[in-house]
Amino acid sequence: MERITIDPITRLEGHGKIDIFLDAEGNVANSYFQIPELRGFERFCVGRPVEEMPLLTNRICGVCPEAHHMAAAKAADAVYHVDPPRTAKLLRELLYMAFYCTDHTTHFYALGAPDFIVGPAAPVAERNILGVIHKVGLEIGGKVIQMRKYGHKVVEMIGGRKVHPATAIPGGVTKILSEEERKEIEAMGRWAVDFALFSLQAFNDIVLANKTYLDLILGDVYYHRTYYMGLVDENNKVNFYDGKVRVVDPDGKEFCKYAPHEYMNHIAEHVEPWTYLKFPYLKNVGWKGFVDGKDSGVYMATPLSRLNAADGMATPLAQEQYEKMYATLGGKPVHHRLAIHWARLIELLYAAEHWVELATDPEITSPNVHTKPTEIPTEGVGIVEAPRGTLTHHYWTDEKGLLTKVNLIVGTTNNYAPIQMSTNKAARALIKGGKVNEGLLNMVEMAFRAYDPCFGCATHSLPGQMPLEITIYHPNGEVKEVLKR
Amino acid sequence: MSASFEPVIIGFTCNWCSYRAADLAGTARIKYAPNVRLIRLMCSGRLDPTFVMKALADGADGVLITGCHPGECHYIEQNYKALRRYLLLRRVLKGMGIAPERVKLVWASAAEGMKLAQEINTFVEEIRALGPLGWNKKLAGREHPVDMPLEEVAV
Amino acid sequence: MSAESTSNKPRIGVYICHCGTNISHTVDVEKVREWAETMLGAEGVVIARDYKFMCSSLGQELIEKDIKELGLERVVVAACSPHLHEMTFRGASKRAGLNPYLTELASIREQVSWVHTDKAVATEKAKAVVAGAVERVVRNEPLQEIRVPIHPDTLVVGGGIAGIQAALEIANAGFKVYLVEREPSIGGHMAQFDKTFPTLDCAACILTPRMFEAGNHPNIELLTWSEVTHVAGYVGNFTVTIKKKPRYVNTDLCTGCGICVEKCPKKVVDDVYEAGLGYRKVVYTPFAQAVPKYPVIDAPNCTYFQKGTCKACEKFCPTNAIDFTQKEEYVTLQVGNIILATGYDLFDARRVSNYGYGRLANVFTSIEFERMSNAAGPTAGNIVLRDGKTQPKTVGIIHCVGSRDKNYNNYCSSICCMQSLKFAHLVRERTGATVYEFYIDMRTPMKAYDEFYQRVLEEGTLFVRGKVAQVTNAARNEREEGKLIIQVEDTLAGKQRRIPVDMVILSIGMKPRRDSKEISHLFGVGCSSDGWFIEKHPKLDPVSTMTEGVMIAGCATGPKDIPASVAQGAAAAARVLNKIMQKEVVLEPIKASIDQEKCSGCRICNGLCPFNAILFHENRMVSEVNPALCQGCGTCVAACPAGAISGSGFSNEQILAQIDGLLMDLNLAAA
Amino acid sequence: MSKPKFAMYWSGSCGGCEIAVLNIHEKILDVDAHFEVAFWPVAVDAKAKDVEALPDGDILLTLWNGSIRNEENEHMAHLLRRKSQLLVAFGSCATEGCIPALANLSPLREIFETAYHTISTDNPQSIHPQPRTAVPEGELTIPALKDRVYTLAQVVDVDYYMPGCPPESHQIAAVIDLVIQVLEGKAQLPPKGSVIGTGNSTVCDECPRQRNVKTIKAFHRIQEIAPPDPQLCLLEQGIPCNGPATRSGCDARCPRAGAQCIGCYGPAEGVLDYGARLMTAFASVIDATEPQEIERILDGIPDPVGQFYRFNLADSLLKAGAPAFKSNHR
């Protein structure tokens, strides 16, 4: 039997690898996507004081430390049975919105946009952020950098540092926001709203206006009928920081809606011996392997999933775009993976709008930023929406607040099974009779990219996108053909 | 533990009391276990936990810290600083899975040659009972170094 | 991340001493030598020798020769304890032109051959000890002694006999002395005594001339009714602040005529000098021969200060010396050396309640008896009961009250036996009463002391060996009626006895000054848990402290008799004089220093130095060590979180290297 | 003539270092202007094979972030050491192990026992990942984890160290400027083994909080007294702040924000054991002489090992240990 090793050599060096096995006819028999690292946070956090979890779990992922910081702080609040003052919650969420803006911007422009704005068939040399800048104009490059700067600026103003923020603690935060800082943050927020609108406009003009791109998005290769997960507020609108987790089935009907502490009744994780990463699935549907459909517990947790799982957006401009997307793509739920990019931009707009809302809240500069925990610490769950999926932290402590048990179900992990399925499907669709061509590479790559898989979270190894190299071996092990971009 | 095990112990002494006590033990020909190798400091207050960590990491099975009796420090009160560091150090060692009993603080005045000898003998037997630590060998052998059974936690 | 440089090691010579057979008997010296030369070659050892007596002149020449001929840069001598011969071998290196601090002594006698028996094991340990010294000496740095100029003036604290003696010795040598006394007059406890044992010459007769001499000496400035409040600086350069309490008497005008005392209408109990047995006026001099002669107004008791009226003293003073407006004033002095002769307090006999002092009228303390027997005392020398007239027929003297007793003080007060014998003699001489001495052990070690004991025995004093259980007035039979009964186990006769007496004298012991802890902090000297000051060395350096330039004399370090106190006063003075004559003092270069670049100004170290050697520069936000104040304990070095403080002579590098050496065998095995 | 080659590699790390490098924003263009980026997984598409093809020492400068957690990391470390003239341990993971090195408090077995048996894991057959797995179609392999987390310098020779979790962007920019100046002959490289991109003191040096002589009567956990007094030194408020022992260079970011320094910049120059420095400093200023009282105050530091070795365990003298508690997922 022939084997194809897809070794994502670059941008995920040593942190993920796909083996595709071909049958006698040279068609795909099976494929395996492997994650080669494990850090053991769930083990070594045991014995640490719970208030350190927002700092320790930051280091799970440097791409979205803010997500871990928040999930950990919320779990710690729950452990101490303490409800932070409103101002503390506002500050945490404000930091989180700013983070979302930088993160979604980075992903869309540096990783996603090239395929659409420059074009999937364009030469590799151009299919990158520089290519995007040439296509859309130089000033956009400056804007992208500006957006990242602003986002990190706010993270630093509220969280103390640009990367790995430090101020969220059980019961609130350690830093009070000054009026000067607030003014500055508000101004940056208003700029962010314009930037988000600009980005959506660009997407509209360049992608949606182009039939080939639209067909690509709506094509079958990137189509999976799965369950979708996302955090929603009391009105079932998308929320990143707080609320209940809502799951809809492939038909878009609400399958379940649970509060953080109930996650155990709904989520389980499957283990395979050939990878360090686990595969979460819906407990009440069950693990049926890497297949989609209503009977498979596989679900997706991405920007698109959040939109699919919600009834709309909580801010006016984002709501408009939300409606437009579903109108364009033929109603809810949308199963086309490439639509994740569009959904991401809508989330960017929501985050920017909400940023302004929070920055203009009269209570945001109140000195009342902490409630002293008084109860005996016990157990608690904290859930936020990380950009790459629902993030669950679950802690148990002794009466001194030292951790005795830790359980983490992390952003990208949620999408491990769907990614595995997408690569598998792309491979099956494109590799026929052992024939592999250059076009396949980017097509498969795009399948990955849509998820923006961040295995920094997943394995506590690395973030990034997956370019590909495919090596085809003869059964005797000789290299038959090497294809790379 | 095998009776054949001969512990190696590093002992830190204060120039004004315990080191002179060791001298006295010598002049008085008081015999004690040869397992202890002494280092002279000017005061137990000079004892840097780094020295203890270093000794244990490099293969010592135990560390004996000696100083003037409380209230009789030649530098007035520095032995109290040694006491505080010692108590914290023991907590850290315990947290790293090393039996805190492997490090011991003993007060011995310049006149207490006999007491020092007895303390040394006692400590050597205590370490013998704990068995070898052999941290350096374990690390070199890619073996995860652990000294104590873990503490159970009631949840 | 510690980059340990193994670059070209200095050339080291190792010398192993047989010490006759003291070492070679249990350590295979030749084996150690051979091992050092081969196994330690990589560490820089170029020559290893053994010799019968390294400390002999021949042994030392051996080292000097090698230093010169082999160009040795480091020397390790494996022999006895550094406390014995470190100086010797450093001297040898110095003579050969090698910085003395590049020589290490490895103690393989006190720490190996003398304390172990198995030769093989001892030899292995000796190797480890030598390896430790070799690794250490590689990191030794050449050090220079620190020289500090000495201010020629001296401060003596305490005007008792020890302090007076010290002051006179220095003054007579031609140097200025400030003598500070917290009471109105110098003289101390000795001035309260009547006779002094064993010669029975009267205390006043021998003390007052010395007081007078001190009071009128051109080189002695008396500061009585004064207390030291602050001490800064270091050996050779102390700045001392002294509080002069208001006397309300202008000493420039006062002639000491005593009219004010005479005219003062108010009397109060004098519980300092007269130990509560007598009275004094509110304006007073403690005693007739007080030095200085100027009286003091006891403001809290003075009618004028209480009611604003009276002023009798002012009216009658012929020189208008009374000055009710005086305020306390502070003077600062520059001195090079300090002698602490702060003396002792007396044990409070009330604490031993079973002896009834304060409850049973005719139980007296030794100091009360001293005053009673003193011709100038409240009873004009008559030995009488509390009623002031009745002479006792039987007197019991109890030793070791508050001393040699684990309930109070474990130590022996050393003077109680002799003072009790003295009392026995005086009682018999003046009243012919029967005297019982109740003692635990009789201690009469000094010159002519035991002879005095024999004399008192012959005089017919009765001795009962045993610790008195209690003194009571609860009579069991008519023979005990109206008496004080002393209940005691006679350990010689081996039976319980009840002895009725008219008067009981408690020979109370000495205890440290109630404020000795504060004093020890003020001057930065060591203080034992019970409160006596600690000598630099109890035998070889009994009048020095760990703080250079601060000496101690008399009972401040523990109970002493008069001869010992006087001797110590003189000894301390001699120490000071030799420092003054040197003009500058040499300090051991074992000091801490702070790297100003690395110091973050976190101030962790600031509170750690008992010698106040670490100062913090607010402007630059960094800490700095004053090398002259630093005593080299290294506590701050071990405490600095930034590793910014280094300690010369005992650096981290030296100690860590020594650990490497001591454990070399294990790691050769492990590797 | 061609530009000197630059490489940046990540092993067992979180990606924060990469983000920090991106956060130098426009400066990244200077790198592009002065270097040929030979290898930088997150940015360009060159591969390990291409690196192997280069002559030894062909890469002038390699920034390595991430610890050595598995066999593959170690392999790459040796490869890049061979190919690079200057190898820089970049970030806390590479220099001292960082927080993931707290895993050294657990034997590997326990980490598996925990990770694959958490309360939400459905694993009735106790399946654990294996280096080699036979599947119907053939055999799959994944790199084996090492017995513990190693720092870069523990497996290969390292030229410079740049601590921080992650290194602050302004420090990264400064170092890049320095290297460029060296290339232009305007500056000298620091001696081998130097720690770069930091201050030469500790965090207090850059901390604006007011400080006094320290005496600690009680330690408090941040949530017990938050928000802390904005002016006064956190340690003096009883909050166990690692600032005094932690290398400066971050501009005291966390203390400025009312959060204690957690020590991500590692030990000061020449310090052998970070934790030892910190514990001796804390203990020294405890205001008590009675053992019971001292112990009571020490109870205020509930997790001494985590407190003192949070980032530095892999590079500490003892390097590893046992956990405080048993893993108890099953």
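Note that this is a predicted model, so its numbers are computed, not measured. Lettering follows sequence order; numbering is per chain, from 1.
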**Report entry** Heavy-atom contact with chain A under 4.5 Å, split by part of D:R310
**Finding:** side chain
Query raised in the report: Which heavy-atom pair separates D:T133 from A:W274 by the least distance, and what is that distance?
Result: OG1-CA, 3.7 Å
Query raised in the report: Who passes side-chain contact (heavy atoms from CB on, under 4.5 Å) against D:E168, sequence neighbours left out?
Result: A:R161, D:H170, D:Q171, D:C250, D:R253, D:Y265
**Report entry** Donor-acceptor contact present, side-chain A:K278 to main-chain D:A115, <3.5 Å
**Finding:** yes
Query - Contacting region of A:I409 [heavy-atom separation from chain D under 4.5 Å] - result: side chain
Report summary line: One should read off an interatomic distance between A:E269 CD and D:T121 OG1, to the nearest 0.5 angstrom, of 4.5 Å
Report task. Would you mind checking which part of A:E156 comes under 4.5 Å of any heavy atom in chain D, side chain (CB onward), backbone (N, CA, C, O), both or neither? Result -> side chain
Query raised in the report: What distance separates A:E272 CD from D:H128 NE2, expressed to the nearest 0.5 Å?
Result: 14.0 Å
**Report entry** chain A contact via D:I262 - which portion, at a heavy-atom distance below 4.5 Å
**Finding:** side chain
Report summary line: Residue from A:I169, A:T371, A:V271, A:V173 scoring the most non-hydrogen pairs under 4.5 Å with chain D is A:V271
Query raised in the report: In terms of heavy-atom proximity below 4.5 Å to chain D, should A:P49 be classed as side chain, backbone, both, or neither?
Result: both
Query - Side chain / backbone / both / neither for A:V369 at chain D, heavy atoms under 4.5 Å - result: side chain
Query - Side chain, backbone, both or neither of A:K162 within contact of chain D (heavy atoms, under 4.5 Å) - result: side chain
Query raised in the report: What closest approach, in Å, do A:T174 and D:I222 show between heavy atoms, and which atom pair accounts for it?
Result: CG2-CG1, 4.0 Å
Requested in this report: Indicate the atoms forming the closest heavy-atom contact of D:C98 with A:R59, along with that distance.
Outcome: SG-CG, 4.1 Å
